[in-house]
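Residue numbers begin at 1 in each chain, while the letters A, B, ... track the order of the sequences.
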Amino acid sequence: MSIAEAVGAWFLQNRRDLPWRREGFGAWGILVSEIMLQQTPVVRVIPRLEQWLERWPTPADLAASPPGDAVRAWERLGYPRRALNLHAAATVIAERHGNVVPSDVGDLLTLPGIGDYTARAVASFAYGMRHPVVDTNVRRVLARAVAGRGEAGPPSTRRDLAAMEAVLPIDPAAAQLTNAAVMELGAVVCTARAPRCDACPLVDSCAWRAAGYPPYEGPKAAAQKRFEGSDRQVRGLIMAELRGSDIPVTALEIEQLWPDAAQRDRALAGLIADGLVVAGDDGFELP
DNA sequence: GACCCGTGGAT
DNA sequence: TATCCAAGGGT
């Protein structure tokens with residue numbers, strides 16, 4: 001049995017009941033979910049997604065609101081530029097695509113905040129187009145089951161897409177199922193820390209297992225920088241202050257948020273440059 | 001390719 | 001407590 005067949009059969013029996021997998025969940029909802037899921041766990045996305053789609057059922061609805069409303073509704077999902085990008089993407093979809101999320105990967109890739117993963121995820125999951133979908137879960141599953149390595153190592157779009165393509169069935173519907181199934185396997189069984197090989201449909205064919213689980217030795221991804229004391233933390237504090245205020249936040253109020261003036265000014269300038277903060281006569285506010 | 005960008009739970 | 005990790009993308 002092929003990897004696609006084994007993982008697909010497992011998926012049909014074990015998949016989680018997630019909102020974006022519901023029958024009739026539209027392309028817009030899938031696009032919003034994919035943006036929210038970028039580097040953000042499923043459990044934190046679900047409630048925010050449902051509120052978002054209730055308020056903005058189509059791209060044009062979102063485009064009709066100020067971008068700051070999107071940033072505010074994003075709340076604490078993190079990486080608020082995703083909210084800004086999603087608003088910008090919705091505007092393009094409303095104005096140039098007839099308020100319909102594109103199904104073409106090339107079109108999707110031109111939208112802000114949509115990269116190699118998200119473009120193919122939308123094309124595959126929302127429209128059934130046959131494309132390899134590669135996220136961190138897929139990379140890990142293929143590294144182990146196929147390449148026999150414990151970790152995927154640094155990403156390479158070309159190599160990663162080719163690796164998944166080699167596993168993908170020809171039939172588009174089967175390919176869509178395989179994409180979802182391999183992702184799901186990586187998310188709940190072939191996990192980064194403690195893989196549950198006893199529950200894995202690939203246990204008998206896994207190259208990493210067959211090799212005796214050799215430790216990973218290749219190049220390691222750069223370690224994530226410390227968050228405490230970082231510019232990220234300062235940006236987060238400023239954004240939280242702006243989200244929580246209906247009126248412009250004064251320079252004095254921002255000064256109270258962080259003692260280091262140089263770092264504070266750098267963070268604020270960065271937020272303004274990113275379009276997440278607008279400087280006005282009365283202070284600083286969301287766009 | 002390296003680095004930056006939030007937030008919070010698990011280990 | 002410190003580090004890891006989470007359906008990535010932009011520069």
Indicate, yes or no, whether a donor-acceptor pair under 3.5 Å links the base of [N] to the side chain of [X].
{"X": "A:Gln224", "N": "C:dC5", "result": "yes"}
{"X": "A:Arg44", "N": "B:dT7", "result": "yes"}
{"X": "A:Thr40", "N": "B:dG6", "result": "yes"}

Could you tell me the separation between the [atom1] atom of [X] and the [atom2] atom of [N], rounded to a whole number of Å?
{"X": "A:Glu228", "N": "B:dT7", "atom1": "CD", "atom2": "C1'", "value": "12 Å"}
{"X": "A:Asn137", "N": "C:dC4", "atom1": "CG", "atom2": "P", "value": "19 Å"}
{"X": "A:Gln233", "N": "B:dT7", "atom1": "CD", "atom2": "P", "value": "9 Å"}
{"X": "A:Asn179", "N": "C:dA7", "atom1": "CG", "atom2": "C1'", "value": "12 Å"}
{"X": "A:Arg139", "N": "C:dG8", "atom1": "CZ", "atom2": "P", "value": "10 Å"}
{"X": "A:Gln39", "N": "B:dC4", "atom1": "CD", "atom2": "C1'", "value": "12 Å"}
{"X": "A:Lys225", "N": "B:dA2", "atom1": "NZ", "atom2": "P", "value": "14 Å"}
{"X": "A:Leu108", "N": "C:dG8", "atom1": "CG", "atom2": "P", "value": "17 Å"}

Side-chain ion pair, A:Glu75 and A:Arg243, N-O less than 4.0 Å:
no
Under 4.0 Å, counting only non-hydrogen atoms across every strand here, what does [X] touch: a base, just sugar-phosphate, or nothing?
{"X": "A:Ile30", "answer": "nothing"}
{"X": "A:Pro80", "answer": "sugar-phosphate"}
{"X": "A:Trp74", "answer": "nothing"}
{"X": "A:Ser230", "answer": "nothing"}
{"X": "A:Asp231", "answer": "sugar-phosphate"}
{"X": "A:Gly115", "answer": "sugar-phosphate"}
{"X": "A:Ala192", "answer": "sugar-phosphate"}

Using the side-chain heavy atoms of [X], tell me which of these nucleotides is nearest: [options].
{"X": "A:Arg76", "options": "B:dG8, C:dC5, B:dG6", "answer": "B:dG8"}
{"X": "A:Thr118", "options": "C:dA7, C:dG9, C:dA6", "answer": "C:dG9"}
{"X": "A:Tyr79", "options": "B:dG6, C:dA7, C:dA6", "answer": "B:dG6"}
{"X": "A:Ala222", "options": "B:dC3, C:dA6, C:dA7", "answer": "B:dC3"}
{"X": "A:Arg193", "options": "C:dG8, B:dG9, B:dG6", "answer": "B:dG9"}

Any chance the side chains of [X] and [Y] put a donor and an acceptor closer than 3.5 Å?
{"X": "A:Glu253", "Y": "A:Thr250", "result": "yes"}
{"X": "A:Asn85", "Y": "A:Arg82", "result": "no"}
{"X": "A:Asn14", "Y": "A:Glu184", "result": "no"}

Tell me whether the side-chain N/O atoms of A:Arg243 come closer than 4.0 Å to OP1 or OP2 in B:dT7.
yes
Of A:Ile114 and A:Ala223, whose nearest nucleotide on DNA chain C comes first from the 5' end?
A:Ala223
5' priority, DNA chain C, between A:Leu111 and A:Arg16 [closest heavy atom]
A:Arg16
Would the A:Trp74 and A:Trp52 ring centres measure less than 6.0 Å apart?
yes
Using the ring centroid of each side chain, check whether A:Tyr213 and A:Trp208 are separated by less than 6.0 Å.
yes
When rounded to the nearest Å, what value does the distance between [atom1] atoms of [N] and [M] take?
{"N": "B:dG1", "M": "C:dA6", "atom1": "C1'", "result": "22 Å"}
{"N": "C:dT1", "M": "B:dG6", "atom1": "P", "result": "25 Å"}
{"N": "B:dT11", "M": "C:dA7", "atom1": "P", "result": "14 Å"}

Checking the side chain of A:Arg130 only, and the main-chain atoms of A:Ile170 only, is there a donor and an acceptor separated by less than 3.5 Å?
yes
Let me know, please, whether A:Ala240 or A:Pro155 comes out on the 5' side of the other along DNA chain B by nearest nucleotide.
A:Pro155
